[in-house]
Participant: 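This is the structure I have questions about; it appears just below.
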Amino acid sequence: MVLSSAHAEYLEGGAWVARRQEPSDYWIGVHSGLIKLAIYNASGRSCTLSGVPPGGWFGEGSVIKRELRKYDVAAIQPSLAMFVPSNTFHALLESSLPFTGFVIRQLNNRMGEFIASIQNSRLLDVDARVAQSLAQLFNPDLYPDTRRTLAISQEEVGLLAGVSRQRINQALQNLEKLRILRLSYNQIDVLDLERLYAFGREQI
């Protein structure tokens, strides 16, 4: 049922995946690349809610309620996204207890991630916000396929953290000096995941 109704789409970096205030017709997953959930105002300013790396799924809340999507979805880098139709999603909820349990855990973890994002944006300095934006990509319940080497540019990290590229560069260099991560061209190697998780938490 799932394979016959779902489909995949290749998306260029910067492409829209789904738009705010449009019907939530699909539950969406990320096979490769990096996608972000954000809200844009009329002037083009944005507030990033979350980044979704390979192995992550999102949008189940709006699909369950059959409501209009509450945020925009865009590919930060070239990505392969998977789309499961709303009717298929609901059929799985009604017929599969393991799937229902997965969705409940997904919703609980997503809520925790959003609360942490709001807390970080209001209480942490820039270096810590950057560290926590990267650390969120390693949530094992939401993003089980994230590896210690992230194929991501500094500009893309800035899009996730809501920080200018110049300030991102400074923050990442500070984290590199602490041997928490190592920088190379369009790549970040996380050397100490525990310290990345903990960085800046003393500010809260």
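Remember, predicted model here, so these are calculated numbers, not experimental data. Heavy atoms only: backbone and side chains are in, while hydrogens, waters and symmetry mates are out.
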Participant: Sequence neighbours left out, what passes salt bridge (Lys or Arg N to Asp or Glu O under 4.0 Å) with Arg19? Give chain and number order.
Facilitator: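 Residues passing salt bridge (Lys or Arg N to Asp or Glu O under 4.0 Å) with Arg19: Asp72.
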Participant: If you define the side chain from C-beta out and look only at heavy atoms, does anything of Ile188 sit under 4.5 Å from Arg182?
Facilitator: no
Participant: Using only heavy-atom distances, determine whether the side chains of Gln173 and Asn169 contain a donor-acceptor pair under 3.5 Å.
Facilitator: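 There is such a pair (donor and acceptor under 3.5 Å, judged by atom type) between the side chains of Gln173 and Asn169.
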Participant: Which atom pair, heavy atoms only, marks the closest approach of Ser24 to Val63?
Facilitator: O-CG2, 3.8 Å
Participant: Would a 4.5 Å heavy-atom cut-off, applied to side chains only, mark Tyr71 and Phe58 as touching?
Facilitator: yes
Participant: Report whether Val190 and Val157 are members of the same hydrophobic cluster (ILVMFWY, side-chain heavy atoms less than 4.5 Å apart, transitive linking).
Facilitator: yes
Participant: Is there side-chain contact between Glu22 and Leu68, with heavy atoms separated by less than 4.5 Å?
Facilitator: no
Participant: Can we call the ring centroids of Phe83 and Trp57 under 6.0 Å apart?
Facilitator: no
Participant: Is there side-chain contact between Arg66 and His90, with at least one heavy-atom pair below 4.5 Å?
Facilitator: yes
Participant: Is the shortest heavy-atom distance from the side chain of Glu60 to the side chain of Gln106 under 4.5 Å?
Facilitator: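 Answer yes - side chains close enough.
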Participant: Could you tell me whether the side chain of Ile76 reaches within less than 4.5 Å of the side chain of Ile35, counting heavy atoms only?
Facilitator: no
Participant: I need the Ile115 CD1 to Asn120 CG distance, nearest 0.5 Å.
Facilitator: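 Those atoms lie 11.5 Å apart.
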Participant: Is there side-chain contact between Phe138 and Arg147, with at least one heavy-atom pair below 4.5 Å?
Facilitator: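 Heavy-atom side-chain distance check fails, nothing below 4.5 Å.
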Participant: Just do the side-chain contact (heavy atoms from CB on, under 4.5 Å) check on Asp192 and Leu196 with the steps written out, would you?
Facilitator: CA-CA 6 Å; Asp192 193 328; Leu196 184 68; over 6 Å; no
Participant: Cluster question for you: counting only ILVMFWY and a side-chain heavy-atom cut-off of under 4.5 Å, with indirect links fine, are Leu134 and Val126 together?
Facilitator: yes
Participant: Is the gap between the ring centers of Phe89 and Tyr26 under 6.0 Å?
Facilitator: no
Participant: For Gln187 and Thr149, does a side-chain donor sit closer than 3.5 Å to a side-chain acceptor?
Facilitator: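 No, because no side-chain N or O of Gln187 sits under 3.5 Å from a partner of the opposite role on Thr149.
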Participant: If I take atom CD from residue Glu156 and atom NZ from residue Lys36, how far apart are they, to the nearest 0.5 angstrom?
Facilitator: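 Glu156 CD to Lys36 NZ: 10.5 Å, rounded to 0.5 Å.
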Participant: Going through the checks in order, is the side-chain contact (heavy atoms from CB on, under 4.5 Å) test met by Glu12 and Ser79?
Facilitator: CA-CA 7 Å; Glu12 296 288 349; Ser79 303; over 6 Å; no
Participant: Flag yes if Val73 and Val52 sit in one hydrophobic cluster, no otherwise; membership is Ile, Leu, Val, Met, Phe, Trp, Tyr, and two members link when side-chain heavy atoms are under 4.5 Å apart.
Facilitator: yes
Participant: Just jot down the side-chain contact (heavy atoms from CB on, under 4.5 Å) partners of Leu80, sequence neighbours excluded, or say none.
Facilitator: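 Partners of Leu80 under the side-chain contact (heavy atoms from CB on, under 4.5 Å) test: Ala8, Tyr10, His31, Ser32.
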Participant: Do any N or O atoms from the side chain of Ser96 and from the backbone of Leu92 form a donor-acceptor pair under 3.5 angstrom?
Facilitator: no
Participant: Checking side-chain contact (heavy atoms from CB on, under 4.5 Å) for the pair Ile28/Val84: CA distance, chi angles, key distance, verdict?
Facilitator: CA-CA 6 Å; Ile28 304 173; Val84 176; over 6 Å; no
Participant: Kindly work out whether a path of hydrophobic side-chain contacts (I/L/V/M/F/W/Y, heavy atoms less than 4.5 Å apart) joins Leu150 to Leu175.
Facilitator: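 Yes, Leu150 connects to Leu175 through the hydrophobic network.
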Participant: Indicate yes or no: at least one non-hydrogen side-chain atom of Leu34 is less than 4.5 angstrom from one of Val30.
Facilitator: no
Participant: Assess whether a salt bridge exists between Arg167 and Asp127, defined as any Lys/Arg side-chain N lying under 4.0 Å from an Asp/Glu carboxylate O.
Facilitator: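 Salt bridge: yes.
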Participant: When rounded to the nearest 0.5 angstrom, what is the spacing between CD in Gln136 and OG1 in Thr146?
Facilitator: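 Interatomic distance, Gln136 CD to Thr146 OG1, rounded to 0.5 Å: 11.5 Å.
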